Amino acid sequence: MDPTETRVESVRDVGPDAVALTLESPPEFDARPGQFVKLVFEVGTETHPRFYTISSPRVDGTFETTIEIDPEGDVSPLLGALEPGDPVTVAGPFGNSYYEADARSVILAGGPGVGPAVGIAERATEDGNDAAVVYRDDEPMHTDRLDGLREQGVFVRVLGEEGGLADAVSEAITNAEGEQVFVYGFADFLDSATDALEAAGGAPDEAKLENFG
Ligand SMILES: Cc1cc2nc3c(=O)[nH]c(=O)nc-3n(C[C@H](O)[C@H](O)[C@H](O)COP(=O)(O)OP(=O)(O)OC[C@H]3O[C@@H](n4cnc5c(N)ncnc54)[C@H](O)[C@@H]3O)c2cc1C
C-alpha cells in the first residue's frame, strides 16, 4: 500500500516509556503479525519515516504497533503524544519475517520486539497452534498480554539483562518439524539470540529475523 493517511484509534501505555499505538486500517490494508509498516511524520520542514512492527494478532478494522519511546529520538516521543483522531500517514506492510500459520512459533524478542512476539503468539493460539515467547528487557512491556498467554498454556519466559538467554531458548525450542523461530529486536539482541539459538542446537539460518536498527 502506498502512503495513505489514516487516524489514531487509541494510544495505551504498555510499560515505562512504551505505548501501543492503534490505528484505523485503511480499506485495502492487509498484513500479518511480524510484518512492519512505515509511519511518516513531518517535523518542521523535514519528513521523518520510521518503521514499526505490527503487534496485534489481526489487522481487521484496526491494527496495533508497539513503540518504545526514546526520549532523545526525533519521532518516537511524537508517537507517544498522539491522541485519538490524529492523522498519521502509513505505508506497507513490508518484511518477510511474519507468522504463516506455523504449527509452533518460537519468538525471541528484545525490547520492543515483544510487540510482534505477543501478536504472533496470540494469533497462533487463536489458530490452535503452539507458541513460545522468550523476551529480554530490563523494563518489560505488555505484561498483561504475556500473563494472558501464560494462562493459555503458552511457554513465556521474561528475562532481565543479566543473562539466562541460552537456557531459556533451550527450554523453548523443540526442533520438531513445523516449528518456526522468529527473532525481533535491535542488532545487539539479534546477535545474542542467534548465539543462544546455536548453543541450544537450533538452526539460526532457518530463523526469521527482523532487525530494528
Ligand atoms: C524493520 C524495523 C522494524 C522496527 N520495529 C519497531 C517496533 O516495532 N517498535 C519500536 O519501538 N521500534 C521499531 N523500530 C525502530 C524505529 O523504526 C525507530 O528507529 C525508533 O523508534 C527510534 O526512532 P526515533 O525517531 O525516536 O529516534 P532517532 O531520532 O532515530 O534516534 C535514535 C537514537 O539515536 C540518537 N541519534 C540520532 N541521531 C544521532 C546522531 N547523528 N548522532 C548520535 N546519536 C544520534 C538519538 O539521540 C536517539 O537516542 C523498527 C525499525 C526497523 C528498521
Side-chain angles (χ1 to χ4, degrees), residues 1 3 6 8-23 25 29 31-59 62-82 86 88-100 105 107-123 133-146 158 161 181-194 207-213:
M1 185 183 72
T6 186
V8 173
E9 200 210 52
S10 65
V11 186
R12 184 169 72 92
D13 286 337
V14 293
D17 287 327
V19 294
L21 172 66
T22 300
L23 302 175
S25 298
F29 184 70
R32 287 176 164 267
Q35 285 192 290
F36 57 92
V37 294
K38 181 162 77 173
L39 303 183
V40 186
F41 280 85
E42 307 288 332
V43 181
T45 55
E46 288 179 39
T47 301
H48 289 260
R50 292 287 184 278
F51 296 109
Y52 294 98
T53 309
I54 291 166
S55 59
S56 45
R58 297 181 181 277
V59 301
T62 63
F63 72 97
E64 180 201 81
T65 59
T66 297
I67 296 157
E68 182 174 62
I69 298 168
D70 181 339
E72 308 293 318
D74 285 332
V75 172
S76 57
L78 302 177
L79 296 170
L82 286 170
D86 283 349
V88 173
T89 299
V90 59
F94 304 105
N96 299 317
S97 297
Y98 55 84
Y99 169 73
E100 291 182 276
S105 299
I107 312 110
L108 314 182
V114 70
V118 293
I120 290 173
E122 288 169 353
R123 179 66 179 268
V133 175
V134 176
Y135 168 37
R136 190 176 82 179
D137 203 338
D138 53 355
E139 293 182 322
M141 315 168 201
H142 281 307
T143 51
D144 53 344
R145 284 168 73 183
L146 291 165
V158 180
E161 299 289 348
V181 177
F182 301 85
V183 187
Y184 297 98
F186 288 98
D188 57 342
F189 178 76
L190 264 59
D191 289 344
S192 304
T194 47
K208 293 183 173 178
L209 311 181
E210 198 172 279
N211 186 347
F212 288 7

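Order of listing sets the numbers, starting from 1, for every ligand and every atom in it. Not measured: the values here are computed from a predicted model.
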J.: Which atom pairs, donor and acceptor, lie under 3.5 Å between side-chain atoms of residues 63-78 and protein residues at least two apart or in another chain?
T.:
unit_1	atom_1	unit_2	atom_2	d
Glu64	OE1	Ser55	OG	2.4
Glu64	OE1	Arg145	NH1	2.8
Glu64	OE2	Arg145	NH1	3.2
Thr66	OG1	Ser55	OG	2.8
Thr66	OG1	His142	NE2	2.8
Asp70	OD1	Glu72	N	2.9
Ser76	OG	Asp70	N	2.9

J.: Does the Asn211 side chain pair with the main chain of Gly213, one donor and one acceptor, at a distance under 3.5 Å?
T.: yes

J.: Could you tell me whether the side chain of Val118 reaches within less than 4.5 Å of the side chain of Val133, counting heavy atoms only?
T.: no

J.: Please check atom 38 (N) of ligand 1 for a protein heavy-atom neighbour under 4.0 Å.
T.: no

J.: In the complex you have, is atom 34 (O) of ligand 1 within reach of the protein, judged by whether a heavy-atom distance drops under 4.0 Å?
T.: no

J.: Do Val114 and Asp137 come close enough that some side-chain heavy atom pair is under 4.5 Å?
T.: no

J.: With under 30° as parallel and over 60° as perpendicular, where do the rings of Phe212 and Phe186 fit, or are they tilted in between?
T.: perpendicular

J.: Considering non-hydrogen atoms of the protein only, which is the closest contact for atom 20 (C) of ligand 1, and what is the distance?
T.: Tyr52 OH, 3.7 Å

J.: Under 4.0 angstrom from ligand 1, any heavy atom of Leu79?
T.: no

J.: Can you pull out the closest protein heavy atom to atom 26 (O) of ligand 1? Residue, atom name and distance to 0.1 Å, please.
T.: Ser76 OG, 2.6 Å

J.: Among all protein non-hydrogen atoms, which one is nearest to atom 48 (C) of ligand 1, and what is the separation to 0.1 Å?
T.: Asp70 OD2, 3.0 Å

J.: Who's closest to atom 28 (P) of ligand 1 heavy-atom-wise, of Glu210, Arg50, Gln35?
T.: Arg50

J.: Of all residues at least two apart in sequence or in a different chain, which pass the salt bridge (Lys or Arg N to Asp or Glu O under 4.0 Å) check with Arg58?
T.: Glu126, Asp127

J.: Which heavy atom of the protein is the closest neighbour of atom 8 (O) of ligand 1, given with residue, atom name and distance?
T.: Thr53 N, 3.0 Å

J.: Of all the atoms in ligand 1, which lie at a distance below 4.0 Å from a heavy atom belonging to Val75?
T.: 24 (P), 25 (O), 26 (O)

J.: Using a heavy-atom cut-off of under 4.0 Å, does the side chain or the backbone of Phe36 touch ligand 1, or both, or neither?
T.: side chain

J.: What's the shortest distance from atom 46 (C) of ligand 1 to any protein heavy atom, and which residue and atom give it?
T.: Glu72 O, 3.8 Å

J.: Is there a protein heavy atom at a distance of less than 4.0 Å from atom 16 (C) of ligand 1?
T.: yes

J.: Please state which part of Thr65 comes within less than 4.0 Å of ligand 1, counting heavy atoms only: side chain, backbone, both or neither.
T.: neither

J.: Any donor and acceptor pair, going by atom type alone, linking the side chain of Tyr98 with main-chain N or O of Ala31 inside 3.5 Å?
T.: no

J.: Only heavy atoms count here, so choose which of Ile54, Thr66, Ile67 is nearest to atom 9 (N) of ligand 1.
T.: Thr66

J.: For atom 2 (C) of ligand 1, what is the closest protein heavy atom, and at what distance to 0.1 Å?
T.: Phe51 CB, 3.7 Å

J.: Would you say atom 53 (C) of ligand 1 makes contact with the protein, given that contact here means a non-hydrogen protein atom less than 4.0 Å away?
T.: yes

J.: Is there side-chain contact between Ser105 and Tyr99, with heavy atoms separated by less than 4.5 Å?
T.: yes

J.: Is there a side-chain contact between Leu79 and Leu82 (heavy atoms, below 4.5 Å)?
T.: yes

J.: Within the protein, is there a heavy atom lying under 4.0 Å from atom 41 (N) of ligand 1?
T.: no

J.: Which pair of heavy atoms, one from Ala109 and one from Ala117, lies closest together, and at what distance?
T.: CB-CB, 3.9 Å

J.: Considering distance alone, does some N or O of Pro112 sit under 3.5 Å from an N or O of ligand 1?
T.: no

J.: Kindly check if the number of other-residue, nucleotide or ligand heavy atoms within 6.0 Å of CG (Asp144) is above 12?
T.: yes

J.: Distance to 0.1 Å, residue and atom name: give those for the protein heavy atom nearest to atom 27 (O) of ligand 1.
T.: Gly73 CA, 3.2 Å

J.: Of all the non-hydrogen atoms in the protein, which one sits nearest to atom 11 (O) of ligand 1, and at what distance?
T.: Glu68 N, 3.0 Å

J.: Quick one: are Thr6 and Phe29 in side-chain contact, heavy atoms under 4.5 Å?
T.: no

